[in-house]
Amino acid sequence: MSILFNEKTRTFHLCNDSVSYIMTVLESGQMAQLYFGKRIHHSEDFSHFLEFAFRPMTSYLFDDDYKYTLEHISQEYGVYGSTDFRDPAAEVTGKDGGRILDFQYQGYAIEKGKPSLPGLPATYTEDDSEAETLTLFLKDPVNGLALKLFYTIFSDGGIIARSAAFVNEGDDTLHLTRAMSLCMDLPDCDYEFVHFSGAWGRERHLKTRRLEQGIQSVGSVRGHSSHNHNPFVILKRTDATEFQGEAIGFSLIYSGNFLAQAEVSTHNETRLLLGIHPHWFDWKLAPDQSFQTPEAVMVYSDKGLNHMSQTFHRLYQMRLARGYWKDKARPILINNWEATYFDFTEERLVNIATKAMACGVELFVLDDGWFGGRRHEKAGLGDWIANPELLPDGITGLAQKIEDIGMKFGLWFEPEMVNKDSDLYRKHPDWILKTPERSASHGRFQYVLDFSRKEVVDCIYEMMAKILGEAKVSYVKWDMNRSITECYSAALPADRQGEVFHRYILGVYDLYERLTSRFPQVLFESCASGGARFDPGLLYYAPQGWTSDDSDAVERLKIQYGTSYCYPVSCMGSHVSVTPNHQVYRNTPLHTRANVAYFGTFGYELDLNKLTEEEQEEVKAQISFMKQYRRLFQFGTFYRLKSPFDGDGTTSWMVVSEDKKEAIVGVYKVLNGANMPFTRISLKGLDPGICYELSSDRRGHYGDELMNAGLITTDSSVGEMAMGNIPTCDFDSRLFILKAIN
Ligand code: DGJ
């Protein structure tokens, strides 16, 4: 890995074994993008990538010049208003109302490692040899706005992390109304735009559309990254597949409003923008004040989508998630939410825990309803004190009882919210986000606390820290169950209201930072009505997140498959729940529910007392199986093999251990059929020369056979005699375990 700079041509080349990222200073002073893709040889001069032409109806920067039009030059951080007409990376309004920006190159710095971003989550290095960072210094000569562009190249993988920082070095106050984390101009448009969209209960479904001239985008203006879209998109070549071809993943390490946009010009150049959504964003920059954007990560792969995903998985597991739990196998938990909802007593909770303990579960999680006057959705949020009628010995007492049974104890909070029927709201009605003289809309009868205010965050911190400090709490589920409306902070002046959405998220990060550093051994799981804030920003603080409220095994195939494009298995909260399922009322076999949930953090969301004895035995076997293989599931290399979004209704994925001596393949089908074809799946990532014992036939098969001829997955839907006449059914599934034979 190196960052090379040629003084003469003023060209930067960031490269490692996988990628090259090349840019240059234009004669006109702006930074131009020359190349991003597979590693190419270094050259003293890449200026031939800059092509110029005289075109009618084009504007040029200099008198007597028909070269310098920014419209047809790939920009590092494009701005609108002079000669570039594409959507810009930044926008600003000056004192006189002028909006022109011109970021002129001033110089650069190269440092080993990677500096952190104050107050923001970001990837990091543990050793300076893991990465190098280039900072480009630019400045607008008229309004004095300085811009720093940060580029970190990691030693391994096609990863470039980027962000931008603005400092007002001028004399007048400026308003920054757009500040993207990344602007990436690519020379052609032969790409598909892949994004992950959905809604509550069906998050991160894979969507693919061909890039066309014009703008396509996804984003969120809900105050959180949202169920609807994820701050992750891919540009893939139209012929790229899971296992071959070029793809670039763009991921924003941020949990608030975001925009991911691809614009194709009518000359077929593509501009990808990623960052905070400019809608309602207006950051006042008085002289000497600065603004740092969130970080965006680009991963280039020339070996298809799986390779791109695996690069994200390793980076986010090891150099985004932090702390004690980031690389530890996760405890198998039981959560009482779907078992009881609000209808519980301490005795009932202890009963659930006792049975779970007997089955081998390690952690009991008490969900919503334990605090203040919270016996239903209309009261209690904000009062983080145990309800003495429910828990006579408080959280401390219950946690001790659970520990005495032999399990760890976990607790649910929804720190950012308040019900009007709460002591906190009665004391501080002005602490919610609400526009003056307008009504405040509710979501689930709750209102959003103004986390842009330090005193609000301090108050919630004190309440939570008291409980975590006094009681034996090993795990926290941090929930967030509504979008932000009527966004306005009573504590900020009129000309700073455009800052509230971002300041809110900074407040959330601040609370996470304080709690995770004071309680480093506590495992945090993020949640937002399931997966409404399943983003890399929260992964920095909470190494796992509740993937979706939809715990139906069939629904989860799409949700977890889609999620896997960016996020590792170790961060996907996945539980076995009852049938009929509470979200879709489907009956799926117990083994299929577990076979899906194993590819995640694994746990149960039900009362095991209510299962038959036979089912309880099955659960015990599942738990002991997961204990044996959880490291492999959660930290092995994950491959998507067959997509639930297309094909014949079969889904398949697999994990392979780092030494390639063990692997587990999951095969899932939706509907059963009669007289069906024989089936095989080509496995991936095995060692061709290793002979593996296969759990389905107890015979040895070489890796090359399994990867080329394929694994036989035929089941009894083909007719009699297959699979030893074991009948198969709708929603059936199988795991195949492969172990190297010594
Ligand atoms: C939404 C979460 O996603 C659920 O798991 C549960 O914690 C409820 N909130 C509790 O209100």
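As the structure lists them, so they are numbered: ligands from 1, and atoms in each ligand from 1. What you see below is based on every heavy atom in this structure, not just the backbone, and it leaves out hydrogens, waters and symmetry mates.
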Ring centres under 6.0 angstrom apart ([X], [Y]):
{"X": "W431", "Y": "F451", "result": "no"}
{"X": "Y512", "Y": "W478", "result": "yes"}
{"X": "Y598", "Y": "F625", "result": "yes"}

For [atom], closest protein heavy-atom neighbour:
{"atom": "atom 3 (O) of ligand 1", "answer": "D549 OD1, 2.4 Å"}
{"atom": "atom 6 (C) of ligand 1", "answer": "D367 OD1, 3.4 Å"}
{"atom": "atom 11 (O) of ligand 1", "answer": "D368 OD2, 2.7 Å"}
{"atom": "atom 2 (C) of ligand 1", "answer": "D479 OD2, 3.2 Å"}

> Is the closest heavy-atom distance from K477 to ligand 1 below 4.0 Å?
Replying inline: yes
> Is E377 near ligand 1, meaning one of its heavy atoms is under 4.0 Å from it?
Replying inline: no
>> Under 3.5 Å between any N/O of R374 and any N/O of ligand 1: does that happen in this structure?
In response: no
> If you measure from each non-hydrogen atom of N481 to ligand 1, which part falls under 4.0 Å: side chain, backbone, both or neither?
Replying inline: side chain
>> Test of understanding: given a 4.0 Å heavy-atom threshold, classify the contact between R444 and ligand 1 as side chain, backbone, both, or neither.
In response: side chain
Ligand-side contact atoms (ligand 1) for residue partner [X], heavy atom cut-off under 4.0 Å:
{"X": "W546", "value": "3 (O), 5 (O)"}
{"X": "C527", "value": "2 (C), 3 (O)"}
{"X": "G530", "value": "3 (O)"}

> Between Q446 and N481, does any side-chain donor sit less than 3.5 Å from a side-chain acceptor?
Replying inline: no
>> Tell me the closest heavy-atom pair linking I385 and W370, and the distance in Å.
In response: C-CZ3, 4.1 Å
> What's the shortest heavy-atom distance between G406 and M357, and which atoms?
Replying inline: O-SD, 3.7 Å
>> Just so I know, are the side chains of N228 and S197 near enough to count as touching, which here means a heavy-atom distance under 4.5 Å?
In response: no
> Ignoring hydrogens and geometry, is there a side-chain-to-backbone donor-acceptor pair from R204 to S564 under 3.5 Å?
Replying inline: no
